[in-house]
A.B. asks: 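So that we are looking at the same thing, I have put the structure below in structure tokens.
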Amino acid sequence: MMTNIIEALRQESVAKLFTGKVFFRSFETWKGEINSITPNKTSRQVIDLGDHLSEIFRTTRTAGRGQGDVSGGGAAWESIVCWYLNLCSIGRRSVAIKHSRALIPDPICDAITVNYRNFVSNTESDLIVIVFPDKPEYQIDKELIHVNDANGRPVPLFSQGRNPKYNLKAVLNALCHRDFSEIEIHIIQCKTNWNDNAQIPMLWDMIYSATNFRNNVTIGRNGYSIANIAQFSYSFVTVPTSRITSITPNSTCVKRVSNISGGNYWGRPTQNNVASSIKEMLLRNLSRGHGQNFLTTLQTELQRLNTEYTFFGLS
DNA sequence: TCAGAGAGACCTCTATGTCT
DNA sequence: AGACATAGAGGTCTCTCTGA
């Protein structure tokens with residue numbers, strides 16, 4: 001079957017989520033919830049899942065504050081957001097990736113690296129959405145791509161040896177290098193709790209939006225910088241697990257993220273001046289990944305949910 | 001190729017401080 | 001007094017790298 005490189009990357013990215021123990025276990029429960037919210041799997045129903053993500057997430061919530069909950073909860077929230085963004089993006093040129101060296105092309109990784117004098121500090125645990133440019137290599141069968149690497153040498157599509165594997169990362173590295181200025185990067189900071197953690201996205205957004213510092217803080221390395229790409233944004237997505245009634249437009253935690261470049265979101269319906277539903281991020285930050293809107297692209301692709309897209313785990 | 005070690009990131013709840 | 005903000009405590013999970 002023909003697969004373009006973007007869908008190949010999406011498949012790897014989503015499949016990797018299921019290798020996480022907590023996500024794998026939780027998804028057994030979430031799947032039922034998801035299917036009951038989207039009985040007909042229309043594009044509208046699937047996109048509106050964004051209004052219910054927190055609700056779904058909370059079905060596996062356990063009381064208490066054991067360290068397992070700490071560790072697992074955060075990773076699981078990040079994973080379900082990644083899963084949702086990829087589901088809504090099928091057939092488009094955007095892919096959400098939970099941070100992983102193996103999947104994020106090197107030029108992207110380099111561009112978002114923050115250097116604190118000599119110390120290299122990657123924000124290691126965010127979701128990254130890459131929007132690839134509208135060029136033929138991203139649409140044709142991935143096995144027909146001809147591209148040269150940064151040194152001008154053709155990239156071999158398969159590894160050597162008895163069981164040749166497709167060189168996904170190497171091909172992506174070469175493409176991202178070649179098309180760097182036309183790529184969009186959107187970083188998404190996920191937190192289950194809002195009020196305790198609002199400073200973190202606020203401060204990282206400040207760092208990424210600053211053009212220069214006086215004290216040896218720089219962004220980017222190896223010649224790649226977010227200053228040279230087509231679009232960059234930083235956003236915040238929370239459940240939130242704290243009491244919802246205590247969050248108002250005037251709360252400190254709301255104000256802290258009210259100005260970040262990509263916006264602030266939660267897995268609930270939009271509430272004015274507080275947070276937008278995560279589904280609004282699709283339109284606000286990721287709409288350039290296709291000529292048509294999400295409703296249209298999804299409607300076509302969802303027909304193949306049980307054949308080509310089984311890796312989402314819904315069938 | 002795989003196991004093991006190390007690094008880094010994960011969140012909830014209570015107590016205490018601070019402002020109105 | 002009440003509302004809100006913050007610090008602090010604490011074990012586990014996942015990824016990556018290294019050496020066998």
Side-chain angles (χ1 to χ4, degrees), chain A residues 9 12-28 30 53-54 56-83 96-106 108-110 112-116 118-128 159-165 168-170 173 187-205 207 234 236-258 264 266-267 273-275:
Chain A
L9 179 61
E12 291 280 321
S13 173
V14 174
K16 192 153 194 174
L17 299 176
F18 285 93
T19 64
K21 201 164 54 178
V22 180
F23 182 78
F24 182 82
R25 270 206 315 261
S26 304
F27 200 82
E28 286 302 303
W30 295 343
L53 235 44
S54 298
I56 294 164
F57 178 74
R58 294 177 75 114
T59 57
T60 49
R61 186 171 187 244
T62 51
R65 47 175 168 161
Q67 299 309 308
D69 306 323
V70 170
S71 176
W77 174 241
E78 211 171 285
S79 298
I80 194 174
V81 171
C82 185
W83 180 92
I97 304 168
K98 192 162 171 290
H99 190 98
S100 155
R101 273 283 159 70
L103 293 180
I104 296 175
D106 296 335
I108 309 280
C109 213
D110 286 341
I112 60 174
T113 294
V114 173
N115 309 287
Y116 189 73
N118 293 327
F119 175 69
V120 173
S121 171
N122 283 23
T123 53
E124 295 198 6
S125 59
D126 303 310
L127 287 184
I128 295 173
S159 60
Q160 301 288 319
R162 260 182 305 172
N163 303 310
K165 280 183 65 184
L168 184 65
K169 175 90 181 278
N173 281 349
I187 298 185
I188 300 166
Q189 172 80 246
C190 298
K191 296 280 175 207
T192 57
N193 185 329
W194 192 346
N195 40 333
D196 284 351
N197 288 314
Q199 298 102 321
I200 298 169
M202 175 181 80
L203 293 170
W204 277 112
D205 181 58
I207 289 171
Y234 195 92
F236 175 63
V237 182
T238 181
V239 177
T241 48
S242 41
R243 248 186 30 254
I244 207 81
T245 47
S246 61
I247 298 173
T248 70
N250 290 321
S251 304
T252 301
C253 66
V254 175
K255 299 251 188 225
R256 284 221 164 101
V257 295
S258 62
N264 68 300
W266 59 13
N273 299 318
V274 176

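Being a predicted model, the structure only gives us computed values, none of them experimental. Proteins get letters first, then strands, A, B, ... in listed order; numbering begins at 1 in each.
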A.B. asks: Quickly work out the A:Leu103 CG to C:dT14 P distance and round it to whole Å.
C.D. replies: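 Going from A:Leu103 (CG) to C:dT14 (P), I get 16 Å.
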
A.B. asks: Does C:dT6 have OP1 or OP2 under 4.0 Å away from a side-chain N or O of A:Arg256?
C.D. replies: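 Result: yes.
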
A.B. asks: Are the side chains of A:Ser54 and A:Trp77 in touch, meaning some heavy atoms are under 4.5 Å apart?
C.D. replies: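 Heavy-atom side-chain distance check passes, below 4.5 Å.
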
A.B. asks: Check whether any side-chain heavy atom of A:Val257 lies under 4.5 Å from a side-chain heavy atom of A:Asp205, and answer yes or no.
C.D. replies: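 No. Closest side-chain heavy atoms not under 4.5 Å.
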
A.B. asks: Bend angle of the helix from B:dT1-C:dA20 to B:dT20-C:dA1 from five-pair axes at both ends, rounded to 10°?
C.D. replies: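 For the helix from B:dT1-C:dA20 to B:dT20-C:dA1, the axes at either end differ by 20°.
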
A.B. asks: Going from CD on A:Gln189 to OH on A:Tyr234, what distance comes out if it is rounded to the nearest 0.5 angstrom?
C.D. replies: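 Separation between the atoms: 4.0 Å.
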
A.B. asks: Could you give the CZ-to-C1' distance, from A:Phe24 to C:dT12, as a whole number of Å?
C.D. replies: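 Those two atoms, CZ and C1', are 19 Å apart.
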
A.B. asks: Using whole Å, what does the distance between atom P of nucleotide B:dC10 and atom CD1 of A:Ile80 come to?
C.D. replies: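 That distance rounds to 18 Å.
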
A.B. asks: Ignoring backbone atoms, test whether A:Asn193 places a side-chain nitrogen or oxygen under 4.0 Å from the OP1 or OP2 oxygen of B:dC11.
C.D. replies: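 Answer is no, no contact under 4.0 Å.
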
A.B. asks: Taking atom CZ of A:Phe27 and atom OG of A:Ser79, what is their separation to the nearest 0.5 Å?
C.D. replies: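 So the CZ of A:Phe27 and the OG of A:Ser79 are separated by 10.5 Å.
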
A.B. asks: Taking atom C1' of C:dC4 as reference, at what distance in whole Å does atom NZ of A:Lys255 sit?
C.D. replies: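 For the pair A:Lys255 NZ and C:dC4 C1', the rounded distance is 14 Å.
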
A.B. asks: Tell me, please, which residues at least two apart from A:Lys169 pass salt bridge (Lys or Arg N to Asp or Glu O under 4.0 Å).
C.D. replies: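 Result, salt bridge (Lys or Arg N to Asp or Glu O under 4.0 Å) vs A:Lys169: A:Asp106.
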
A.B. asks: Calculate the interatomic distance between A:Asn250 atom CG and C:dA3 atom P; express it in whole Å.
C.D. replies: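 Between P of C:dA3 and CG of A:Asn250: 16 Å.
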
A.B. asks: What is the distance, rounded to the nearest whole Å, between atom CD1 of A:Ile247 and atom P of C:dC4?
C.D. replies: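 Whole-Å distance recorded here is 11 Å.
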
A.B. asks: Taking OP1 and OP2 of C:dC15, is either one under 4.0 Å from a side-chain nitrogen or oxygen of A:Ser100?
C.D. replies: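 No, A:Ser100 has no side-chain N/O under 4.0 Å of OP1/OP2 on C:dC15.
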
A.B. asks: Compare the minimum distances between each of B:dC10, C:dC13, B:dT12 and the side chain of A:Gln189, then state the nucleotide with the smallest one.
C.D. replies: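 Closest of the options to the side chain of A:Gln189: B:dC10.
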
A.B. asks: Report yes if the side chains of A:Thr248 and A:Val254 come closer than 4.5 Å at any heavy-atom pair, otherwise no.
C.D. replies: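 They are not in side-chain contact.
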
A.B. asks: From the set C:dT16, C:dC13, B:dC11, return the single nucleotide nearest to any side-chain atom of A:Lys191.
C.D. replies: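 Among C:dT16, C:dC13, B:dC11, the one nearest the side chain of A:Lys191 is B:dC11.
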
A.B. asks: Taking only side-chain N and O atoms of A:Thr19, does any of them lie within less than 4.0 angstrom of OP1 or OP2 on C:dT14?
C.D. replies: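 It does not, given that no N or O in the side chain of A:Thr19 lies less than 4.0 Å from OP1 or OP2 of C:dT14.
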
A.B. asks: Between atom CH2 in A:Trp77 and atom P in B:dA9, what is the gap in whole Å?
C.D. replies: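 Distance check: A:Trp77 CH2 to B:dA9 P gives 21 Å.
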
A.B. asks: So, A:Phe23 versus A:Trp83, ring centres under 6.0 angstrom or not?
C.D. replies: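 Ring-ring flag for A:Phe23/A:Trp83: false, centres at least 6.0 Å apart.
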
A.B. asks: Taking the minimum atom-to-atom distance to the side chain of A:Asn197, which one of B:dC10, C:dT14, B:dC11 wins?
C.D. replies: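 Minimum distance to the A:Asn197 side chain belongs to B:dC11.
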
A.B. asks: Let's see if you can work this out: which of C:dT14, C:dT16, C:dT6 has an atom nearest to the side-chain heavy atoms of A:Lys16?
C.D. replies: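 Of the options given, the side chain of A:Lys16 lies nearest C:dT16.
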
A.B. asks: Heavy atoms from C-beta onward define the side chain here; which of C:dT14, C:dC15, B:dC10 lies closest to that of A:Glu78?
C.D. replies: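 Among the listed nucleotides, the one closest to the side chain of A:Glu78 is B:dC10.
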
A.B. asks: How many Å lie between CD1 on A:Ile104 and P on C:dC15, as a whole number?
C.D. replies: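 Roughly 12 Å, once rounded to whole Å.
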
